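Bear in mind the structure is a predicted one, so any value in this text is a computation, not a measurement. Along the sequence shown, residues carry numbers from 1.
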Amino acid sequence: MKLGFLTGIMGDIPLEEKIKWAHKIGFETLEVSCWPKANTRDYSGSDIDIEKFTPEEAKNLKKILKDNAMSIATLAYYDNNLHHDLEKRHAYNNHLLKVIDAAFLLGVRNVGTFIGRDLTLTIEENFDEMVKVFQPILEYAKSKDIRIIIENCSMPGWHKDGWAGTISYSPELWEEMFKRLPYDNFGLNFDPSHLVWLGIDYIKALKDFREKVFTVHAKDTEILEDEKHYFSILGKQLGKKDTWDLGFWRHRMPGKGDIDWQKFIDTLKEINFNNEIIIEHEDLEYQDSLERIKEGLEIGYKYLKDRM
């Protein structure tokens with residue numbers, strides 16, 4: 001298993017600088033943020049300009065990676081591929097196809113994204129939309145030997161009341177997802193941090209879906225028990241600072257929340273997982289500056305490395 005991190009958290013500094021810093025710390029791989037240059041998504045990034053990416057640029061980037069003993073595990077573009085606004089949906093889908101092209105040029109195995117959700121439809125109806133949208137995407141990725149990996153975040157910030165903004169956040173929904181689209185190049189970017197606050201047994205889920213766990217996101221979640229008893233599992237309803245503010249949980253660096261990482265990593269070994277573990281840094285305590293961001297990533301790296 002190789003440790004890496006999602007690059008967008010380090011902001012707009014050059015990707016080469018991020019690669020060199022990662023190697024110095026001990027990381028062996030990266031998940032590279034590939035959102036469009038113009039976007040409004042939180043925790044996004046444009047470390048590769050997908051719209052203009054050329055074979056020559058791919059060749060240069062591969063040399064930088066080789067010179068620093070680094071690899072790219074995944075190209076990341078997590079957005080709402082089922083958006084109810086069809087103009088936005090098509091833009092998201094088309095950009096995802098261009099990310100697949102970039103992965104092919106770089107020899108990168110995975111492209112990470114969300115299924116998303118049309119919030120005007122029921123979840124059942126969204127599965128019909130998923131097939132229409134993702135079948136051609138998966139066929140295209142398959143033709144280039146690329147795997148599409150879905151992170152299991154429910155994206156409550158996409159829903160005005162904090163409900164699910166995706167249709168791929170629980171074992172029930174994964175089962176339907178893979179039944180509807182039984183592709184070998186279609187799997188999970190398994191993130192236990194989302195399962196914790198949703199009340200799902202992340203160890204059982206990891207074992208049950210072992211064949212579909214292609215990569216792992218390492219992010220912790222701290223449950224604020226007093227607040228949960230006050231707001232309920234449905235989260236805060238009044239006086240939210242934003243749509244993400246459910247009031248009873250927050251994301252942390254690995255080791256600072258409620259996930260049993262030793263048990264989780266031991267389970268990864270038990271199921272013969274030999275792929276990448278990517279730190280997704282969303283801990284607000286370590287985001288005040290680039291130095292604090294680096295400090296957080298180092299904390300996460302050391303904590304996980306000690307348990308591998």
Decide, yes or no, whether a salt bridge links [X] with [Y] under the criterion of side-chain N to carboxylate O below 4.0 Å.
{"X": "D67", "Y": "K63", "value": "yes"}
{"X": "K219", "Y": "D191", "value": "yes"}
{"X": "R292", "Y": "E295", "value": "yes"}
{"X": "E17", "Y": "K20", "value": "no"}
{"X": "R252", "Y": "E285", "value": "yes"}
{"X": "E227", "Y": "R250", "value": "no"}
{"X": "D245", "Y": "K236", "value": "yes"}
{"X": "K256", "Y": "E222", "value": "no"}
{"X": "R180", "Y": "D128", "value": "yes"}

Under 4.5 Å between side-chain heavy atoms, counting indirect links through other Ile/Leu/Val/Met/Phe/Trp/Tyr residues: same cluster for Y303 and V196 or not?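 Per the 4.5 Å side-chain linkage, Y303 and V196 are co-clustered.
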Atom [atom1] of [X] and atom [atom2] of [Y]: how far apart are they, to the nearest 0.5 Å?
{"X": "F27", "Y": "L297", "atom1": "CZ", "atom2": "CG", "result": "5.5 Å"}
{"X": "T29", "Y": "I72", "atom1": "OG1", "atom2": "CD1", "result": "7.5 Å"}
{"X": "W249", "Y": "S193", "atom1": "CH2", "atom2": "OG", "result": "7.5 Å"}
{"X": "N68", "Y": "E16", "atom1": "CG", "atom2": "CD", "result": "7.5 Å"}
{"X": "M130", "Y": "M177", "atom1": "CE", "atom2": "CE", "result": "7.0 Å"}
{"X": "D85", "Y": "T120", "atom1": "CG", "atom2": "OG1", "result": "10.5 Å"}

So, [X] and [Y]: side-chain donor and acceptor under 3.5 Å apart, yes or no?
{"X": "W261", "Y": "D220", "answer": "yes"}
{"X": "Y140", "Y": "D101", "answer": "yes"}
{"X": "H251", "Y": "E280", "answer": "no"}
{"X": "D266", "Y": "Q262", "answer": "yes"}
{"X": "N189", "Y": "T215", "answer": "yes"}

How about [atom1] on [X], more than 12 heavy atoms from neighbouring residues, nucleotides or ligands closer than 6.0 Å, or not?
{"X": "K142", "atom1": "NZ", "result": "no"}
{"X": "D242", "atom1": "CG", "result": "yes"}
{"X": "N94", "atom1": "CG", "result": "yes"}
{"X": "K269", "atom1": "NZ", "result": "yes"}
{"X": "E270", "atom1": "CD", "result": "yes"}
{"X": "K88", "atom1": "NZ", "result": "no"}
{"X": "I25", "atom1": "CD1", "result": "yes"}
{"X": "K37", "atom1": "NZ", "result": "yes"}

Output yes when a side-chain donor or acceptor of [X] lies under 3.5 Å from a complementary backbone atom of [Y], and no otherwise.
{"X": "S46", "Y": "P36", "value": "yes"}
{"X": "Q287", "Y": "D283", "value": "yes"}
{"X": "N93", "Y": "N81", "value": "yes"}
{"X": "D161", "Y": "W163", "value": "no"}
{"X": "N126", "Y": "D118", "value": "yes"}

Nearest non-hydrogen partners of [X] and [Y], listed with the distance:
{"X": "C153", "Y": "T166", "value": "O-OG1, 2.8 Å"}
{"X": "F214", "Y": "D184", "value": "CZ-O, 3.5 Å"}
{"X": "S33", "Y": "L6", "value": "OG-CD1, 3.6 Å"}
{"X": "Y169", "Y": "L195", "value": "O-CD2, 3.7 Å"}
{"X": "L96", "Y": "V111", "value": "CD1-CG1, 3.6 Å"}

Is any side-chain heavy atom of [X] closer than 4.5 Å to a side-chain heavy atom of [Y]?
{"X": "H281", "Y": "Y286", "value": "yes"}
{"X": "L106", "Y": "I48", "value": "yes"}
{"X": "E276", "Y": "T74", "value": "no"}
{"X": "M10", "Y": "K294", "value": "yes"}

Checking S143 against F104 for the side chain to side chain contact (heavy atoms under 4.5 Å, CB included) test, could you report, in this order, the C-alpha distance in whole Å, the side-chain angles of both residues, the deciding distance, and whether it holds? CA-CA 10 Å; S143 74; F104 177 73; over 6 Å; no
Relative to the ring of Y78, is the ring of W35 parallel (under 30°), tilted (30 to 60°) or perpendicular (over 60°)?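 Geometry flag for Y78 against W35: tilted rings.
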Do H83 and H90 have their ring centres less than 6.0 Å from each other?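 No, too far apart.
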Would you please test T113 and Y92 for side chain to side chain contact (heavy atoms under 4.5 Å, CB included) and show each step? CA-CA 10 Å; T113 194; Y92 297 154; over 6 Å; no
